[in-house]
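Please read the structure below before turning to the comments.
What you are looking at is a predicted structure, and each value in this text was computed from that prediction instead of being measured. Quick note: numbers below take in every heavy atom, side chains included, and nothing from hydrogens, waters or symmetry partners.
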Amino acid sequence: MDCRFETAETRRKHCRSFESLREHLIGPLPKQECREIFANRGCKFCLKVLDSPNSRRIHQQKCQLNGLNGICGRFSNLGIRDNLTIGGGRGPQVVALACKMVGGGSDGSLDLCARVCLIDENENIIFHSYVTPPIPVTNYRYETTGIRHEYLRDAMPLKLVQRKIQEFLCNGEPMWTIRSRGGKARILVGHGLDHDLASLQIEYPTPKIRDTAKYPPLMKTSKLSNSLKYLTQAYLGYDIQTGIQDPYDDCVAAMRLYMRMRTQIHKIEDYPLASDPQNRNNFASWRQSELERMSPEQMLDISRSDYYCWCMDP
């Protein structure tokens, strides 16, 4: 893909992908000249530069890449489904989970799950409920959670939420038989799922987890996680987690990121991981001179990924 951006002096910036162009324009370290032009006349969704700020405002309201349009419509009649029963059957095979935490402990710093949401691939709500924490709440964090004391008074107990979600994820398959491919267990998508699952006191096999906080192509070059807020802005083109936050919003963002990464097509190798036995020690020390003579393209061609690529999901 040849993505470009022109400054006032018509110098062109070429980027290897749409995401690279977005990073160049609105990332943490954009070029000053480009940032000023884009901030004044650029569409944050499709990255098109308009003739004037007013033209940009009109364009953004109609932009086809404005993912916020679909979300707003869903939020208007979302509500809380705290009596929803998770049914059996085949159902969706990929689901996204997100929680919102209130504070416990003497200083309110202990994270306690007080609201949980589960959606399918089509962004339909499967389960959405307030949750009664196992210990007293000392900080409702209302500014971001929007949760008050009365909302949790008759909420679903944590143990019941835990059982419903775990049974739904396993889908009738015993936990110890779940494997990475095949079977009935569902793929679980989310951001920082270790934290969410721990707060729900749920165990789920790693091969079935797709965490946008740990997927290497979505991580920083230092192998640290990007926030879901940043990834949504950089890859999907809209803002989340502004003001009071809804777990449905996080579920949708994580699912859209997963679907975007899954649809990328890569060359499928017989032994795709660098950690597989067949790919270990492919270049022992005595072959170092052979490596030094290779071009970057040749080295890329023989390289193997050290992580499971989501495009391999069915």
Could you check whether any side-chain heavy atom of [X] comes within less than 4.5 Å of a side-chain heavy atom of [Y], counting everything from C-beta outward?
| X | Y | answer |
| --- | --- | --- |
| V189 | V95 | no |
| M259 | V94 | no |
| P247 | H128 | yes |
| C309 | M261 | no |
| P207 | Y308 | no |
| E173 | R179 | yes |

Smallest separation among heavy atoms of [X] and [Y], with atom names:
| X | Y | answer |
| --- | --- | --- |
| L158 | P134 | CD2-CD, 3.7 Å |
| T242 | K229 | CG2-NZ, 3.5 Å |
| M175 | P205 | SD-CD, 3.3 Å |
| Y235 | R260 | O-NH1, 2.8 Å |
| M294 | Q298 | CA-OE1, 3.3 Å |
| A253 | I240 | CB-CD1, 4.1 Å |

Quick check on the hydrophobic clustering: are [X] and [Y] connected, directly or via other members, by side-chain heavy-atom contacts under 4.5 Å?
| X | Y | result |
| --- | --- | --- |
| I244 | Y238 | no |
| I135 | Y130 | yes |
| Y142 | V116 | no |
| Y307 | M219 | no |

**OP:** Any chance you could lay out the salt bridge (Lys or Arg N to Asp or Glu O under 4.0 Å) test for D246 and K100, step after step, and finish with the verdict?
**Re:** CA-CA 8 Å; D246 194 308; K100 287 302 171 187; over 6 Å; no
Expected output: side-chain [X] to main-chain [Y] donor-acceptor under 3.5 Å:
| X | Y | answer |
| --- | --- | --- |
| S129 | V131 | no |
| R41 | L50 | yes |
| Q166 | I202 | no |
| Y248 | E123 | yes |

Original post:
Parallel, tilted or perpendicular: which fits the ring planes of Y215 and W310, with parallel below 30° and perpendicular above 60°?
Top reply: parallel
Distance in Å, [X] [atom1] paired with [Y] [atom2], rounded so as to fall on 0.5 Å steps:
| X | Y | atom1 | atom2 | result |
| --- | --- | --- | --- | --- |
| N124 | L118 | CG | CG | 11.5 Å |
| Q233 | L228 | CD | CG | 12.0 Å |
| M101 | C113 | CE | SG | 5.5 Å |
| C251 | L97 | SG | CG | 6.0 Å |
| C99 | L197 | SG | CG | 7.5 Å |
| L169 | N171 | CG | CG | 9.0 Å |

Original post:
Taking everything shown except D107 itself, do over 12 heavy atoms lie less than 6.0 Å from its CG?
Top reply: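 Yes - once you tally the heavy atoms of other residues, nucleotides and ligands closer than 6.0 Å, there are more than 12.
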**OP:** Taking atom CD of E203 as the centre, report whether more than 12 heavy atoms of other residues, nucleotides or ligands fall under 6.0 Å from it.
**Re:**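 Not buried by this count: 12 neighbours or fewer within 6.0 Å.
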Subject >> Cationic N near anionic O, under 4.0 Å, E121 to R262 >> reply: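 The answer is yes: the pair qualifies as a salt bridge.
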Original post:
Are any of the side-chain nitrogens in R141 or D111 under 4.0 Å away from the carboxylate oxygens of its partner?
Top reply: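 Between D111 and R141 there is a salt bridge, with a charged N closer than 4.0 Å to a carboxylate O.
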Subject >> Contact list for residues 205-220, test salt bridge (Lys or Arg N to Asp or Glu O under 4.0 Å), sequence neighbours left out >> reply: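 Output for this query lists D194-K214, R210-D313.
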**OP:** Apply ring pair (Phe, Tyr, Trp, His ring centres under 6.0 Å) to Y140 and list each qualifying residue two or more places apart in sequence or on a separate chain.
**Re:**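 Expected list: none.
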**OP:** Could you walk me through whether L193 and Y204 pass the side-chain contact (heavy atoms from CB on, under 4.5 Å) test, one step at a time?
**Re:** CA-CA 10 Å; L193 280 171; Y204 201 57; over 6 Å; no
**OP:** Answer yes if the side chains of D120 and Q93 hold a donor-acceptor pair under 3.5 Å, and no otherwise.
**Re:** no
Original post:
Taking only residues two or more places apart in sequence, or in another chain, which ones meet T212 in a side-chain hydrogen bond (donor to acceptor under 3.5 Å, both in side chains)?
Top reply: H191
